[in-house]
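What follows is one structure encoded as structure tokens, with my remarks underneath.
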Amino acid sequence: MENSKLQELFNELSIEEKIGQLFQATGAVYEEEAVISGPVKELGINERDIYLAGSVLGTMGAKKTKQIQKKYMEKHPHHIPLLFMLDIINGYKTVYQIPLGQGAAFEPELARKCASMAAREAAADGLHVTFSPMADLVRDARWGRVMEATGEDVYLNSVYARAMVEGYQGEDLSDKETLAACVKHFAGYGAAEAGRDYNTVELSERTLRDFYLPAYESGIQAGAELVMTSFNTIDGIPATINKKLMRDVLRKEMGFDGVLISDFGAIGETIIHGVSEDRADAARRALEAGVDIDMMSGVYPQTLCQLLDEKKIELERIEECAWRVLKLKNKLGLFENPYKGVDEGVAEEQILCQEHKELAETMATKSFVLLENKNNILPLSKGKKVLFAGPYVNRQEMLGAWSFTGDISDTITIQQAAEKKMKNYEVCFCQGCPILPKEMKLDGFVNYKEEEFTEKEIEKMLTEAESKAEQADVVVLALGEHFLQSGEATSRAMIEIPENQMKLLERIEKINPNIVVVLFNGRPLDIRKIKQRAKAILEVWMPGTMGGNAIVDMLVGNNAPSGKLPMSFPYCVGQIPVHYDELNTGRVHVPGRDKDRYVSKYLDIENKPLYAFGYGLTYTDFHISEPVLNKNTMRKGEKIVASVKVKNCGERSGAETIQLYIHDVAASVARPKKQLKGFQKIELQPQEEQEVSFAISEEMLRFTREDGVFASEEGEFEVFIGNSSEEERKTKFVLKDA
Ligand code: BGC
């Protein structure tokens, strides 16, 4: 619709209708014909509010969404279509690797393809908006939502946020295969104190700006149509009603002109935070901060009219929000076609089609990180007797916590894949133990129940695994977190694999030391004990629908691992937060000089994590030369080229991710020890050598200076190029203003 026409329509809307556009209800109320019950009733809204609401959360399915849209539009005084929104986080029906694993691929292009695949499936099934990407920077593995992030690094997160937004939205939002993307959770949600979800966030403005904000901004610059507020406080004020954050930083500085939506119930929660006095006050504050849509608080429909009558808010504030929502509907082409993209036939054709499954398998393959491989136990030598044991051997629940759109019965398990692909081996399988200890209940997860076993049955499982292990050359143990142990509201203070699985590992080790652990998890875990006991560890995260195939192909060497950790694996919980881009202290501990007393170190463990950011092995060895620069002085506007020669010294082809890190030696504020500024994944045949170069520009050297300006400063910079953040070989250049 032309802008002038949209404006005409807008002018015709009553105030109530405009307010309606600012409210989002769950799909359940529409599916049940506007039955106002349960949590919706508690929001204090009525049937009329439901039929004036602008958007729906959590309904999917071509037939269902079409029916709801039709009925809703008939009832709406101006027949304005609804927006259907949903969390499509790592795929829709074809579920691919969780975002943390996608980060490990160091292949944003692949994430872009996955996002457009998800958009294709979901749009055909009636959806318009996805609440993705989550661009929150994460440094605390106790926080369950690290699985939804792409890791601890500001640069990596930024390139992924951009790629995902572009993937979902495509070139044209009115195209039937696209979704509008929502960058979340603005801002700093990943910094919850002590890793406890929804907890207070305490960040200096400099840390917020230099580390936490850039990835959101990158998604916004890529054209994200929506941004979601976060549950936490920023500088003591809940983000959702934080005027400075939303009006000054998001709208003015970042130039975001799209729809700002609250997180689920977050406007109402500002009362519990102890900042808003009551629901009306919460609504007023959120509106003043410029929050356009109230997701499931009900405070907008309930209080805005009255606030307006009492002159506590200005009509203009409501109108700016409603206008933004209508503009989004228009961009999506909903006024021309309220059923944009919805098509049962297309949905059937697209969903889980061969092309999508192949992409999901590639994403899984590229995301796996080989953490250990003693005596080159992997890939498994042909002809060997291989026992697959552990709760993940024949388990389909490997889709991650947001996989409710997918169907686990579409998932290929390790056993299914191995039976097909391992004809040159002697394979056998057993579960070994349940996924969780008997006493561990997944409290709060309604509708989910694990199979229960008696003590006797559990012991039988263990002894079966032991006797099979005795006969085997190699034991592949598929272990890890339950998929519901990571995700929203799943903070953990102890981040080891469940203890009953550890017991399986310990008992098998006594019988057969040739152990390969395939590790499933949504967060970095404390895997010290696994490291001691296993010869190889293959980190597979929550690999998605095609996980089984990808894992088996990796184990037998049809593919080689190429993933790198997007987040440090701590040595233990006491070390958290541990991240590679920390600042130097005035008292640096030099590894090996443990008798130095007054330095920044622990008495009981090393400072460095068990596995660092950027680390990951493969089946061959690469030699990387010392970095060289084409010149040693950079003047503003110029570039320096840094390069290394990379050689595959092994006997197999393989891929390596070459990473560029820079350190600003002396600046007006302390700068990270090193920061990722670029990476390139290359593939080399045995004995092949290739030069890898990076162009370093002045823009890469900028930060929030002492004077608050985001700019670079003259002086010396160190350049590191290697295959993990632990690379210490370096060279230097000097930046000069003129
Ligand atoms: C989560 C968001 C999500 C929303 C809607 C909230 O609880 O924090 O990330 O998009 O629910 O499902």
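Both ligands and their constituent atoms are indexed starting at 1 by order of listing. All heavy atoms count here, side chains included; hydrogens, waters and symmetry mates do not. Throughout, numbering of the chain's residues begins at 1 and tracks the sequence. Bear in mind that the values here come from a model prediction, so they are computed numbers and not experimental data.
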Atom CD of E202: over 12 foreign heavy atoms under 6.0 Å: no
Over 12 non-hydrogen atoms of neighbours within 6.0 angstrom of CG in D410: yes
What do the steps show when you test R112 against E109 for salt bridge (Lys or Arg N to Asp or Glu O under 4.0 Å), and what is the final call? CA-CA 5 Å; R112 179 201 307 272; E109 278 313 306; 2.8 Å; yes
Considering only NZ, NE, NH1 and NH2 on the basic side and carboxylate oxygens on the acidic side, decide whether E288 and K244 come within less than 4.0 Å. no
Could you tell me whether R139 sits above the aromatic face of F211, with NZ or CZ closer than 6.0 angstrom to the six-membered ring centre and within 45 degrees of the axis? yes
Got a sec: does the CD of E277 have more than 12 other heavy atoms crowding it under 6.0 Å? no
Between ligand 1 and the protein, which N/O pairs are shorter than 3.5 Å?
| unit_1 | atom_1 | unit_2 | atom_2 | d |
| --- | --- | --- | --- | --- |
| ligand 1 | 7 (O) | E488 | OE1 | 2.9 |
| ligand 1 | 7 (O) | E488 | OE2 | 2.9 |
| ligand 1 | 8 (O) | R145 | NH1 | 2.7 |
| ligand 1 | 8 (O) | D263 | OD1 | 3.3 |
| ligand 1 | 8 (O) | D263 | OD2 | 2.6 |
| ligand 1 | 9 (O) | R145 | NH2 | 2.8 |
| ligand 1 | 9 (O) | K184 | NZ | 2.8 |
| ligand 1 | 9 (O) | H185 | NE2 | 2.6 |
| ligand 1 | 10 (O) | D87 | OD2 | 2.5 |
| ligand 1 | 10 (O) | K184 | NZ | 3.1 |
| ligand 1 | 12 (O) | D87 | OD1 | 2.4 |

